[in-house]
> 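Attaching a single structure in structure tokens format; questions to follow.
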Amino acid sequence: MKRVLTSEVSQHAGKEIKVQGWLHKKRLLGGLNFIVLRDRGGLVQIVVEDDAEVEKLRGLQIGTVLEVTGKVHKEERAPGGAEIREPKITVLVPVEHESPIEIDKPLSHKPENLDTLLDNRAIGLRNLQEQAIFKIQAKVLEAMREYFKKNDFTEMNTPKLLAGATEGGAEVFKLDYFGKEATLAQSAQFYKQMMVGVFERVFETNPTYRAEPSATTRHMTEYITIDAEMGFVTFEELRSFAGGMLHYIVNKVWQDCDKELKMWNAQRPVLADPIPSIPMKEIHELYTKATGTGTVGEDDLRPDEEKWVCEYAKKNLKSEAVYVTEWPVSSMKFYHKINEKNPKVADRSDLLFRGVEIATVPMREHRYEVLVNQLKAMKGDPEAPGFKYYLQAFQYGLPPHGGFGWGLERTVEKIIGLHNVKEATLFPRDINRLTP
RNA sequence: GGGCUCGUAGUGUAGCGGUUAACACGCCUCCCUGUCACGGAGGAGAUCGCCGGUUCAAACCCGGUCGGGCCCGCCA
């Protein structure tokens, strides 16, 4: 007999079927008993009246792997409108140990309980509500891929084992590479720019590694970056493209993930089109005026300031996402493009969404000589292995281009309304966690 | 790296000097023919993170230590 998925059981009313899955819940009432079976399609209720069948489950815990054959009945009182009766139960894999965490009701996501949640991840993820986070994550990725493909991007994969740091700033992980020192990629930056010379438009969705000793709700040492780069593009076009992607993601997720979003009571974000922009200087002034905390003159936004400006944009600009523009050159990377009209600022925008930065969206300096000079000015050696091959691409012709690095887990966290990026990561890695 | 906090049955919490450490969920036994957070009766399960100190007496106070969390810095 062919296996039927729980989600398709109701289509087999009146027929004998076989289902396979995990014991999700036992409700033993006595003469009439209900067990709930979970498979990739969801849940199905099985009514067990035969004592001998009930007895097969004695001592077996949630998680036990079962095969059940029985007759499908349309039944209004059953969840999903159908159930399996007169079952013959076969225990495929008995589980005798009690589950370390419960999987049939919402798990605690309180910060102080995160350790339990993550230590028992393999079991906890069987919880339907936990699964929903990652179905939404998969949908976000699907939406991004679709959006890239519609815009004629080529998907690629660049190496994560590197000879040297790809850019200044973030700390890198160092490791032994057959006696030489290698690093883990802290960004696909250089490779995606090189690939502009090949495909014009490229993207990848791969891990990024940062050895930052950060212990916050927004940082991990390994996370997925959606890296994109496009040639022959103006700053305005680039910003419009990235903003369009957030719109596309939200539309897609709210179209396809209704059930999952409801499990978390996720509220659809209000987004203006185009995503509004506020220069950093103006944000500092507004924030200082509103809170009394003096940030005027600073070359970055404080975390609290990022939250504040998102609230401000929601209230005044009808958008829960906002671009921070006109970044001072004092905090720019050597490969960023300095604004042609105002040399005090770089052509960079950070996309803030519901209080956190989810993407950095800058233009790159594409002129070889200018780029080398900017590198040297920041004490970089153009001959170093980390830079040499990167610069080669420019020497042989790269058009004006720009791109972005977009944090997948932060995006999912904020779409759902979670409070820690680790909640939106299957097996998070941070300064305190390397397992499971 | 700095600051502030928290470690009590499998899980989530209460207790904050004084007999046997309490409650909920889960687990075990029994009852229960429409449950769906089933209900009812009973039961098992905790050297109160660890080490030391103060005290007649420490889960509780003090010091140290280990492990978390949150914020800042840094970063996406």
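Hydrogens, waters and symmetry mates play no part in the numbers below; they use all other heavy atoms, side chains included. Protein chains get the first letters and strands the later ones, always in sequence-line order, with residue 1 at the start of each.
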> Rounded to the nearest angstrom, tell me the gap between atom CD in A:Glu76 and atom P in B:C36.
17 Å
> Determine the interatomic distance between C1' on B:G67 and the same-named atom on B:U20; round to the nearest Å.
31 Å
> If the test is side-chain contact (heavy atoms from CB on, under 4.5 Å), which one of A:Val412, A:Thr411, A:Leu408, A:Ile249 qualifies with A:Leu141?
A:Leu408
> Does a distance-only test, which skips hydrogens and angles, find a donor-acceptor pair under 3.5 Å between the side chain of A:Thr216 and the base of B:C71?
no
> For A:Thr221 and for A:Lys422, find the nucleotide of RNA chain B with the closest heavy atom, then tell me which residue's nucleotide is more 5'.
A:Lys422
> Could you write nucleotides 6-15 of chain B as a row of B, S and -, 5' to 3', where a protein heavy atom under 4.0 Å of any base atom gives B, of only sugar-phosphate atoms gives S, and otherwise -?
----BSSS--
> Ignoring backbone atoms, test whether A:Gln61 places a side-chain nitrogen or oxygen under 4.0 Å from the OP1 or OP2 oxygen of B:C28.
yes
> Look at the side-chain N and O atoms of A:Asn432 and state whether any lies under 4.0 Å from the OP1 or OP2 oxygen of B:G69.
yes
> Tell me the interatomic distance from A:Glu357, atom CD, to B:G73, atom P, rounded to whole angstroms.
13 Å
> Verify whether the ring centers belonging to A:Phe148 and A:Tyr248 lie closer than 6.0 Å.
no
> Look at all strands and tell whether A:Thr225 reaches a base, only sugar-phosphate, or nothing, counting heavy atoms closer than 4.0 Å.
nothing
> Within the pair A:Arg58 and B:C30, is there a side-chain N or O less than 4.0 Å away from OP1 or OP2?
yes
> Only counting residues at least two apart or in another chain, list the ones meeting ring-ring contact (aromatic ring centres under 6.0 Å, His included) with A:Phe404.
A:Trp406
> Say you pick atom C1' in B:C50 and the same atom in B:A58; how far apart are they, in whole Å?
15 Å
> If I take atom CD in residue A:Gln186 and atom C1' in nucleotide B:C74, what distance separates them, rounded to the nearest angstrom?
12 Å
> Where each residue is assigned the nucleotide of RNA chain B containing its nearest heavy atom, which of A:Arg433 and A:Leu301 is assigned the position nearer the 5′ end?
A:Arg433
> Determine the Euclidean distance between corresponding C1' atoms of B:U65 and B:C6; express it in Å to zero decimal places.
16 Å
> Please state the C1' separation for the pair B:C4 and B:A24 - nearest whole angstrom.
31 Å
> Over how many whole Å does the gap from A:Ile46 atom CD1 to B:U35 atom P extend?
18 Å
> Heavy atoms under 4.0 Å is the rule here; annotate nucleotides 38-48 of chain B 5' to 3' with B where the base is hit, S where only the sugar-phosphate is, and - elsewhere.
B----------
> For B:A22 versus B:G2, give the span between their P atoms, rounded off to a whole number of Å.
41 Å
> Does OP1 or OP2 of B:C72 have a side-chain N or O of A:Arg218 closer than 4.0 Å?
yes
> Expressed in whole Å, how much space separates the P atoms belonging to B:G49 and B:U8?
6 Å
> Tell me whether the OP1 or OP2 atom of B:C70 has a side-chain N or O from A:Asn420 closer than 4.0 Å.
yes
> What's the gap between B:A21 and B:U47 when it is taken at their C1' atoms, as a whole Å value?
13 Å
> Can the ring centroids of A:Phe241 and A:Tyr147 be said to lie less than 6.0 angstrom from one another?
yes
> Give the rounded distance in Å between these two atoms: NE2 of A:His73 and P of B:U33.
20 Å
> Determine which nucleotide pairs with B:A41, using a 3.5 Å limit on both distances of a Watson-Crick or G-U wobble pair.
B:U29
> Might you work through the side chain to side chain donor-acceptor pair (under 3.5 Å) test for A:Thr295 and A:Glu305, ending with a clear yes or no?
CA-CA 9 Å; A:Thr295 59; A:Glu305 215 170 359; 2.7 Å; yes
> Once you apply a heavy-atom cut-off of 4.0 Å, does A:Pro213 come out as touching a base, just sugar-phosphate, or nothing?
base
> Using the P atom as the point on both nucleotides, what is the distance between B:G10 and B:C28, in whole Å?
16 Å
> Looking at CZ of A:Phe203 and CD1 of A:Ile226, how far apart are the two atoms once the value is rounded to the nearest 0.5 Å?
9.0 Å
> Tell me which one of A:Glu86, A:Glu53, A:Glu55 satisfies side-chain contact (heavy atoms from CB on, under 4.5 Å) with A:Val48.
A:Glu53
> Which residues satisfy the salt bridge (Lys or Arg N to Asp or Glu O under 4.0 Å) test with A:Glu222, sequence neighbours excluded?
none
> What is the separation between atom CG on A:Leu60 and atom P on B:G26, rounded to the nearest whole Å?
18 Å
> What nucleic acid atoms does A:Glu306 come within less than 4.0 Å of, heavy atoms only: base, sugar-phosphate, or nothing?
nothing
> Could you tell me the separation between the NE2 atom of A:His419 and the P atom of B:G69, rounded to a whole number of Å?
17 Å
> Between atom CD of A:Glu83 and atom CD1 of A:Ile46, what is the distance when rounded to the nearest 0.5 Å?
10.0 Å
> Find the partner of B:A22: check Watson-Crick (N1-N3 plus N6-O4 or O6-N4) and G-U wobble (N1-O2, O6-N3) distances, both under 3.5 Å, and reply none if neither fits.
B:U13
> Sorted by first residue and then second, give each ring-ring contact (aromatic ring centres under 6.0 Å, His included) pair with at least one member in residues 72-119 of chain A; sequence neighbours left out.
A:His109-A:Trp264
> Out of A:Arg201, A:Arg364, A:Gln189, which one pairs with A:Glu229 under the side-chain hydrogen bond (donor to acceptor under 3.5 Å, both in side chains) rule?
A:Arg364
> Can you list, by residue number, the residues of residues 122-143 of chain A that have a non-hydrogen atom closer than 4.0 angstrom to RNA chain B?
none
> Which base, if any, makes a Watson-Crick or G-U wobble pair with B:C50, both distances under 3.5 Å?
B:G64
> For B:C70, what is the paired nucleotide under Watson-Crick or G-U wobble rules, both distances under 3.5 Å?
B:G3
> Please round to the nearest 0.5 Å and tell me the distance separating atom CD of A:Glu320 and atom CD of A:Glu311.
8.0 Å
> Look at A:Asp50 together with A:Arg85 and state whether they make a salt bridge at an N to O cut-off of under 4.0 Å.
no
> Within this structure, what is the CD-to-P distance between A:Gln45 and B:U33, rounded to whole angstrom?
16 Å
> Which of these passes side-chain hydrogen bond (donor to acceptor under 3.5 Å, both in side chains) with A:Ser277: A:Glu282, A:Arg239, A:Glu326?
A:Arg239
